Undergrad: 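Let me give you the structure first, and then I'll get to my questions.
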Amino acid sequence: MSAAAAWTVVGVSGDTATLVGLDADGGERGRDRVPLETLAQRVAAREAAGTRWVWSDTARVYPALLHAGVRVLRCRDLRLCHAILRDTALLDGDGSDAAAAAAAQLRAAAAWDAPAVDPGQAPPVALFELDGAAGRPAGPPQEIGEVLAEFARQRAAVAASTQPRRLDLLCAVESAGALVAAEMTAAGLPWDTAAHDAILTEVLGARPAGGGAPRRVAETAATVRALLGDDKASLDSPPKLLRSLHRVGVPARTTAKWELREYDHPVIAPLLEYKALMRLFTANGWAWLADWVRDGRFRPVYIPAGVVTGRWASSGGGALQIPRRLRAAVRADPGWTFVVADVAQLEPRVLAAMSGDTALAAAARGSDLYSGIVDSGAVATRAEAKVAMLGAMYGATTGESGRLVPRLRRTYRRAMALVDTAAREGERGGVVSTWLGRTSPAASRGWREVQSLASDENAGVVERERARRAAGDRGRFTRNFVVQGTAAEWALAWLAEVRLRLAALAPVPVEDAAPRSGPAFSRTPHLAFFLHDELIVHTPAARADEVDRIVRDAAAAAASLLFGDFPIDFPLDLHISPTGEKG
DNA sequence: GAAATGCGCGCG
DNA sequence: AAAGCGCGCGCATTTC
């Protein structure tokens, strides 16, 4: 097999792995069969020669490769790309025979709809473990014939679509994201257990020796119970708490903090305090620390495309919900630091670009889009601009937000038309697509039944109201889908660009303050965290300026990959700091 | 006793 | 300020 194959397709059957080299047109260049236990060495050798890997499920194969010390630069994750191509509306547009055939073949390959193997459950050394072993989900097919056939179907689908370049880019960044996700789990986020413990002790009081509530939690609970006039009052059961509140004259309808804040009663302040303390204690207290931090690393499991819009989800440890105050426990290794970067107002910027709204793009020039909106005269204050823009993207209809949205509609006609059109499409049961072609799920059977019941001439007011509300809910979902989903695509492109540029950096001398643990690549500047529109790079302090430039250049590259030369800024808030705090 | 559901709150 | 999008998780409660 030639060393210069554009693609190398990997399949597994029993204890044998098969590597098939393909040229850029998909023509087979050669085939190697190797024992599974030598696959990592083969991958390392071919990676050095340069190729793009094609496999069925990055979450299944890549953790084991990383564990064996092998990193790859590029891959195509057929499971993730299958989901994109199976659902994309870009194959339905022109009604060509080729597009229809490609779509039909993809949709018939149902085995590829299998869920991912949870990389958090798979042992890191079990390369391509047998299907369904130990009660795990089987995952997508791995046999080389099936893998080759699926790759061919996907290439045909992209080529036959109305936007081949966009779909191909989406598949590329989606797959790059799968590599990043596995690498970040392997590297982990540097986490200072002592700093975390100090925060908990300061906020909650000393950790109780025999379990039970920490001192300040117990004291606050006692204060609340005293003010409720019931020393046995349950504070953790919403219905019981509600009854206790009613008894002391607080007519709340729910126990949510945004509602409780509205009432003027001495019990409210300590009750909100109790809820906040209890939240920290239960969600990110000492038990969390013991469960999720090992050897100075928090290792979240990221689930690429775990959200319908294409955003990532996470599993275990609540990686995407780390409270801001605990960011201080994110602590770089000695001699190392973090480059922490996020995009200011990513979603409205993406909306400006995808709608081609030059007025909104002009307001987005510079670092604060909301100030730009005020300067345009659409609204009077920055706060109004923010509320109005969020309302436009989320579908607010009432309150201040709903009142302000029409002001934006006059000034930013194209941007508002894009989200309004997406909402109408959802309301009538259709689907909408992101800029690169990820398409929203079809209306559920239940949703369609609700609509059809209401359209019957005998339908009562209850049926009609239910259908109206369901249509509104779905419209708000599709309205937001196009913006949130395209923002996720921009962020994936940014992440992919950062990763490749970091990988191209010269290696750090090993004696330069290597991290305490982790795979080989984590001894050079590497991605350590990603959260929708923010990333953290862990780097030797001496290289932070280089990384700073890479992260900024990557943002510019992402903008031009998605939107070409459309004039839209994506300014970063970027900080170099040995703790993970923003700004 | 396990699984499903609702609530509330953390993050974007 | 108000409660409009997307998530995961812990607890209490309900259901099987």
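Chain naming here is simple, since letters A, B, ... match the order of the sequence lines and numbering starts at 1 in each. Because the structure is predicted, anything quoted here is derived from the model rather than measured.
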Undergrad: Have A/Thr223 and A/Tyr274 got a donor and an acceptor in their side chains that come within less than 3.5 Å?
TA: no

Undergrad: Within a reach of under 6.0 Å around CZ of A/Arg414, are more than 12 heavy atoms found that belong to other residues, nucleotides or ligands?
TA: no

Undergrad: Between the side chains of A/Glu183 and A/Tyr62, does any donor sit under 3.5 Å from an acceptor?
TA: yes

Undergrad: Show every donor-acceptor pair shorter than 3.5 Å between a side-chain atom in residues 201-210 of chain A and any protein atom, with sequence neighbours excluded, or say none if there are none.
TA:
residue, atom, partner, partner atom, Å
A/Thr201, OG1, A/Asp197, O, 2.9

Undergrad: Any side-chain to backbone donor/acceptor pair from A/Asp357 onto A/Ala359? Under 3.5 Å, distance only.
TA: yes

Undergrad: Run the ring pair (Phe, Tyr, Trp, His ring centres under 6.0 Å) test on A/Trp288 and A/Phe298 for me, step by step, so that the C-alpha distance in whole Å, both residues' side-chain angles and the decisive distance to 0.1 Å come before the verdict.
TA: CA-CA 10 Å; A/Trp288 182 91; A/Phe298 170 42; 4.9 Å; yes

Undergrad: Taking any heavy-atom pair under 4.0 Å as a contact, classify A/Val308: base, sugar-phosphate, or nothing.
TA: sugar-phosphate

Undergrad: What's the angle between the local helix axes at either end of the helix from B/dG1-C/dC16 to B/dG12-C/dC5, using five pairs per end and rounding to 10 degrees?
TA: 10°

Undergrad: Could you check whether the rings of A/Trp494 and A/Trp490 sit parallel, tilted or perpendicular, using 30° and 60° as the cut-offs?
TA: tilted

Undergrad: Looking at C/dA2, I'd like to know if its phosphate oxygens (OP1 or OP2) sit under 4.0 Å from a side-chain N or O belonging to A/Lys386.
TA: no

Undergrad: First locate atom CZ of A/Arg474, then atom CD of A/Gln451, and finally report the distance between them rounded to the nearest 0.5 Å.
TA: 9.5 Å

Undergrad: Could you work out which one of C/dC7, B/dG12, C/dC5 sits closest to the side chain of A/Arg476?
TA: C/dC5

Undergrad: Could you write out each protein N or O paired with an N or O of nucleotides 1-4 of chain B at a distance under 3.5 Å?
TA:
none

Undergrad: Just compare B/dG8, C/dA3, B/dG12 and give me whichever is closest to any side-chain atom of A/Arg324.
TA: B/dG12

Undergrad: Test side-chain hydrogen bond (donor to acceptor under 3.5 Å, both in side chains) on A/Glu489 and A/Thr434; report intermediate values, then the result.
TA: CA-CA 8 Å; A/Glu489 288 164 353; A/Thr434 61; 2.5 Å; yes

Undergrad: Choose from B/dG12, B/dG8, C/dC5 the nucleotide whose nearest atom is closest to any side-chain atom of A/Phe477.
TA: C/dC5

Undergrad: Parallel, tilted or perpendicular: which one describes the rings of A/Phe338 and A/His538, with boundaries at 30° and 60°?
TA: tilted

Undergrad: Please report the C-alpha distance between A/Phe563 and A/Trp435 in whole Å, then the side-chain angles of each, then the deciding distance to 0.1 Å, and finally whether the ring pair (Phe, Tyr, Trp, His ring centres under 6.0 Å) criterion is met.
TA: CA-CA 9 Å; A/Phe563 302 118; A/Trp435 181 246; 5.4 Å; yes

Undergrad: Name every residue in residues 411-427 of chain A that has at least one heavy atom under 4.0 Å from any atom of DNA chain B, in order of residue number, or write none if there are no such residues.
TA: none

Undergrad: Are there more than 12 heavy atoms of other residues, nucleotides or ligands under 6.0 Å from atom CZ of A/Arg365?
TA: yes

Undergrad: Can a side chain N or O of A/Thr309 be found less than 4.0 Å away from OP1 or OP2 on C/dC5?
TA: no

Undergrad: Applying side-chain hydrogen bond (donor to acceptor under 3.5 Å, both in side chains) to A/Tyr302 and A/Ser315, what does each step give before you reach the verdict?
TA: CA-CA 6 Å; A/Tyr302 300 92; A/Ser315 159; over 6 Å; no

Undergrad: By the 4.0 Å heavy-atom rule, please label A/Ile322 as base, sugar-phosphate, or nothing.
TA: sugar-phosphate

Undergrad: If you go through the side-chain atoms of A/Arg479, does one of them form a donor-acceptor pair with the base of C/dG4 closer than 3.5 Å?
TA: no

Undergrad: Heavy-atom contacts under 4.0 Å between residues 242-268 of chain A and DNA chain B, which residues?
TA: A/Thr254, A/Thr255, A/Ala256, A/Lys257

Undergrad: Measure from OH on A/Tyr394 to C1' on C/dC7 and round the result to the nearest Å.
TA: 12 Å

Undergrad: Show, in sequence, the C-alpha distance, side-chain angles and deciding distance for A/Thr439 and A/Ser433, and conclude whether the side-chain hydrogen bond (donor to acceptor under 3.5 Å, both in side chains) test is met.
TA: CA-CA 4 Å; A/Thr439 298; A/Ser433 296; 2.7 Å; yes

Undergrad: Could you run through nucleotides 8-16 of chain C and give me one letter per nucleotide, 5' to 3': B if any protein heavy atom sits under 4.0 Å from the base, S if only the sugar-phosphate is that close, - if neither?
TA: BSSSSS---

Undergrad: Any donor and acceptor pair, going by atom type alone, linking the side chain of A/Arg311 with main-chain N or O of A/Ala488 inside 3.5 Å?
TA: no

